[in-house]
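Notes follow the structure.
Naming: A, B, ... by sequence-line order, numbering from 1 per chain.
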2 protein chains.
Amino acid sequence: MIAEKVSEKTIRRLSHYARCLRLAKLKGESIVTSRQLASNCGISSAAVRRDLSIYGEFGKQGSGYNVDDLLVNLEKILGTTDPPPVIIIGAGSIGCALMVSGLNGTGGYSYEAIFDIDPGKIGKLCGESPIRSAEEIHGVIKDNHEVIAVIAVTRGAGQAALDLLIQAGCKAVLSFTLEPLKVPEDIEVRYVEVSTELDVLTHSMRRKERDPAMPKWSHS
Amino acid sequence: MIAEKVSEKTIRRLSHYARCLRLAKLKGESIVTSRQLASNCGISSAAVRRDLSIYGEFGKQGSGYNVDDLLVNLEKILGTTDPPPVIIIGAGSIGCALMVSGLNGTGGYSYEAIFDIDPGKIGKLCGESPIRSAEEIHGVIKDNHEVIAVIAVTRGAGQAALDLLIQAGCKAVLSFTLEPLKVPEDIEVRYVEVSTELDVLTHSMRRKERDPAMPKWSHS
DNA sequence: TTGTGATTGTGAATACTATCACAAATCAGA
DNA sequence: TCTGATTTGTGATAGTATTCACAATCACAA
């Protein structure tokens, strides 16, 4: 079955499945069932089978899915067989932390370069990488057309950073800023919203205090 | 209308609305319409009105919503009028970056303390905060019952960190680790999944290359 | 007072997502 | 080969979420 319309939710889960499969591979497992994947990802086995069946029949009735094969197929679907390079805009504490640690091993992605507009920072080192001038972004994206940019600038500078990236031809952005950004139709921007996650946790914690019997969420 | 069952999606959006309202307040605006909120959050105005109407009738027909009043009400609903303190587990690059920068101003939350198990790190400074021994977590949570813990440990140490927190009585956790964690029913854990976000971006970018006419997602 | 234009809150309709439940297929062991 | 225990893939169903569209309401000006 060829995928026509696939929801973002499904794509997110495919990413989770791929991560679980890499883990299973490390542990030397060669077969997984939908139930195992489901349990590791905290969802139902039917959802796993439904997600995978959108793209093909990867499983074998009676046994399950071959770990290596399914992983190869998922990476093909996601496009992560050969992951694009990642560049970081903003050499503040978060930008540098990402550059140095790769956020504790973000499967397959490599952080290629880090940029800042502050002349005082340019040339200094972030781990082993020199901080480069924001003016160089254009050239780097030209040389290396498929790039994901991470925006990790200080508050208020997000839109300027994004505009610079768009002008340089960048098509995919992950933003750590909280500002509502003006984004053209052909650019994909995703957000890491730590403060929203904290709000959701606060809400849940304080609601439970008021009524401990309440379930976590209405839909689960 | 009293809220009986509210989805997590709605709560996330309430957090977005609150952020927009704080911005509007800074700009000196005293009234916002559902259309303005919607445009800033990238959704439809009907969705905004629906979300807000779950909890009450905050708007005025013909004009819109009073910025101050709505913000107060949203913070009451979210429980963020007086936000809980946040502690950080793991004084690696991300943990320290969070501690130092507060992730570029995460509205209202204060990062109270940072912990690590590495004896070589304990006592050293992370910005102005001394890195404390993980053994002290228990005492800190006892003193300050409502706490959100952020897990920012190295790969593989996530479950140990979580178990420690649970034992100390922590009920709300935000994890930057990618491992599938075993979580008791009464603990709320949320994840910041940078590598999944990158996967989604990669998928979207590479699918567009193959078929530029395709819309971003099936449901929008 | 009356009219005009704007905006909310919500019933109804639509669109989307998750779950159920089972036929078909596979495996392993006797 | 046959039998029983598994597990997939999917039609049908149930459950959620979003959008449409409009009566009710409000602000304001003439």
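- Distances from the side chain of A:Q61 to the nucleotides D:dT10, D:dT7, C:dT10 place D:dT7 closest.
- For A:A46, counting side-chain heavy atoms from C-beta on, the closest listed nucleotide (C:dT19, C:dT26, D:dT8) is C:dT19.
- Within 4.0 Å of A:S45, counting heavy atoms only, lies no atom of the nucleic acid at all.
- Rounded to whole Å, atom P of C:dA6 lies 16 Å from atom CD1 of B:I31.
- B:I43 has its CD1 atom 14 Å from the P atom of D:dA17, to the nearest Å.
- Following rounding to the nearest Å, A:E57 (CD) and D:dT8 (C1') show an atom-to-atom distance of 9 Å.
- A:Q36 places its CD atom 8 Å from the P atom of D:dT7, with the value rounded to the nearest Å.
- Judged by distance alone, the side chains of B:D163 and B:Q159 do bring a donor and an acceptor atom under 3.5 Å apart.
- The nucleotide whose nearest atom lies closest to any side-chain atom of B:T33 is, among C:dT7, C:dG9, D:dT8, C:dT7.
- Note that CD1 of A:I77 and CD1 of A:I11 are 8.0 Å apart. Values are rounded to the nearest 0.5 Å.
- Evaluation of atom-type donor-acceptor distances gives no pair under 3.5 Å for the side chain of B:R35 against the base of C:dT7.
- Using a 4.0 Å cut-off, no side-chain N or O of A:S34 falls inside it from OP1 or OP2 of D:dT7.
- At the phosphate of D:dT18, OP1 or OP2 sits under 4.0 Å from a side-chain N or O atom of B:R13.
- OP1 and OP2 of D:dT7 both lie 4.0 Å or more from every side-chain N or O belonging to A:S63.
- Between the NZ atom of A:K9 and the C1' atom of C:dA15 there is a distance of 14 Å, rounded to whole Å.
- Between the OH atom of A:Y55 and the C1' atom of D:dT8 there is a distance of 19 Å, given to the nearest Å.
- Considering only heavy atoms from C-beta on, B:H203 stays 4.5 Å or farther from B:D199 through its side chain.
- For B:C170, the disulfide (SG to SG under 2.5 Å) criterion is met by no residue, not counting sequence neighbours.
- A salt bridge is absent between B:E188 and A:R207; no separation between the charged side-chain nitrogens and carboxylate oxygens falls under 4.0 Å.
- Partner assigned to D:dA30 is C:dT1, using Watson-Crick or G-U wobble distances below 3.5 angstrom.
- When the nearest nucleotides of DNA chain C are assigned to A:T10 and A:R49 by heavy-atom distance, the more 5′-ward of the two goes with A:T10.
- A straight line from CG of B:N66 to C1' of D:dC26 spans 15 Å, rounded to a whole angstrom.
- Contact annotation: B:Y65 does not reach the phosphate of C:dA6 (side-chain N/O to OP1 or OP2, under 4.0 Å).
- Atom CG in B:L70 sits about 16 Å away from atom P in C:dT7, given to the nearest Å.
- Annotation: side chain of A:L98 is in contact with side chain of A:F176 (closest heavy-atom distance under 4.5 Å).
- Taking side-chain N and O atoms only, B:S7 has no distance below 4.0 Å to OP1 or OP2 of D:dT16.
- OP1 and OP2 of C:dT7 both lie 4.0 Å or more from every side-chain N or O belonging to B:K60.
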